[in-house]
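One structure below.
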Amino acid sequence: DAKTTQPPSMDCAEGRAANLPCNHSTISGNEYVYWYRQIHSQGPQYIIHGLKNNETNEMASLIITEDRKSSTLILPHATLRDTAVYYCIVRPMRGGADGLTFGKGTHLIIQP
Amino acid sequence: DAGVIQSPRHEVTEMGQEVTLRCKPISGHDYLFWYRQTMMRGLELLIYFNNNVPIDDSGMPEDRFSAKMPNASFSTLKIQPSEPRDSAVYFCASSLAGGPETQYFGPGTRLLVL
């Protein structure tokens with residue numbers, strides 16, 4: 001699976017949009033970009049994923065650059081409950097069951 | 001639904017002791033995953049089951065670790081004997097389809113081996 005690079009931490013004011021960047025310059029054509037988050041003392045939670053088109057769901061939007069070498073997760077109106085570590089990973093959609101592996105992520109702190 | 005339930009939430013034990021972690025998956029989910037998370041190595045998949053059958057245990061660190069799923073509503077992860085390097089947060093996740101975007105995680109068991 002391709003390697004990703006994320007800033008270790010970010011701050012965002014409550015009510016503003018939080019934009020979390022991720023670089024994945026070695027991404028392959030069949031690899032998707034996935035985002036997860038982990039709130040303190042909880043298990044990881046899936047947020048969104050995409051291949052090349054921008055995606056939006058009830059939690060967030062995912063913007064993937066045209067060359068697919070980077071992406072941005074957008075939380076449109078951040079709340080204090082969005083304070084968490086956010087993980088960006090790239091991996092093929094293999095079908096069937098598959099385990100997760102992720103490393104450091106970005107610690108997003110929402111400020112009141 | 002109560003979500004994935006894990007017990008205990010915290011466990012402190014001494015080196016050499018047996019540790020048993022428990023998981024109750026979400027009802028109706030056919031897949032169950034055990035993960036371990038540490039600061040040094042991040043999140044790692046240990047083993048997963050499909051319909052109570054172990055499918056991939058390549059992530060189990062060594063023979064001291066064993067996992068069972070005697071029925072669709074219960075699984076255990078056992079460490080015997082435990083060592084300080086086993087200290088970590090252990091997560092259980094369940095899923096209908098198995099894919100990473102469909103896994104629901106429990107709150108985890110924080111294990112400290114002294």
Side-chain angles (χ1 to χ4, degrees), chain A residues 1-6 8-9 22 24 27 30-51 53 55-62 64 71 73 81 84-107, chain B residues 2-6 8-10 21 23-26 29-60 67 69 88-110:
Chain A
D1 297 345
K3 180 179 168 57
T4 62
T5 304
Q6 299 178 252
S9 65
C22 180
H24 31 79
I27 191 169
N30 67 338
E31 289 184 313
Y32 287 70
V33 180
Y34 287 82
W35 282 85
Y36 300 83
R37 73 179 183 184
Q38 190 169 13
I39 294 169
H40 182 62
S41 296
Q42 296 185 22
Q45 177 188 25
Y46 165 79
I47 301 173
I48 198 167
H49 73 282
L51 182 62
N53 297 322
E55 302 287 344
T56 295
N57 63 20
E58 66 278 4
M59 289 182 70
S61 294
L62 173 61
I64 303 173
S71 61
L73 179 75
R81 288 176 295 179
V85 179
Y86 288 77
Y87 299 97
C88 165
I89 65 172
V90 295
R91 58 187 296 139
M93 184 173 283
R94 297 182 241 261
D98 207 357
L100 287 172
T101 304
F102 41 76
K104 303 288 186 182
T106 296
H107 187 194
Chain B
V4 176
I5 298 172
Q6 292 187 246
R9 292 294 310 276
H10 303 272
L21 311 181
C23 175
K24 177 178 168 54
I26 293 172
H29 281 190
D30 294 332
Y31 290 86
L32 185 140
F33 301 78
W34 281 103
Y35 290 90
R36 177 172 68 178
Q37 187 174 38
T38 62
M39 289 293 292
M40 290 296 293
R41 295 191 299 270
L43 188 75
E44 304 171 287
L45 176 67
L46 299 177
I47 185 172
Y48 81 87
F49 295 82
N50 180 213
N51 292 322
N52 314 336
V53 176
I55 304 300
D56 183 358
D57 65 355
S58 58
M60 294 287 263
M69 192 164 185
V89 182
Y90 290 82
F91 290 103
C92 173
S94 72
S95 167
L96 265 177
E101 71 276 14
T102 67
Q103 295 177 25
Y104 290 85
F105 282 75
T109 295
R110 187 173 296 273

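A note on names: the letters A, B, ... follow the listed sequences, proteins ahead of strands, and every chain is numbered from 1. Bear in mind the structure is a predicted one, so any value in this text is a computation, not a measurement.
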*At a heavy-atom separation under 4.5 Å, does B:Gln37 approach chain A through its side chain, its backbone, both, or neither?*
side chain

*Mind listing the closest non-hydrogen atom pair of B:Phe91 and A:Gln38 along with its distance?*
CZ-NE2, 3.3 Å

_Using side-chain heavy atoms (C-beta onward) and a distance below 4.5 Å, is A:Tyr46 in contact with B:Gln103?_
no

*Does B:Tyr35 use its side chain to pair, donor to acceptor, with the backbone of A:Leu100 at less than 3.5 Å?*
yes

*Nearest heavy-atom neighbours spanning A:Ser41 and B:Arg9*: O-NH2, 3.7 Å

_For a 4.5 angstrom cut-off between non-hydrogen side-chain atoms, does A:His49 reach B:Pro100?_
no

*B:Phe105 and A:Gly43: which non-hydrogen atoms are nearest, and at how many Å?*
CB-CA, 3.8 Å

*Would one find more than 12 heavy atoms of other residues, nucleotides or ligands at under 6.0 Å from atom CZ of A:Phe102?*
yes

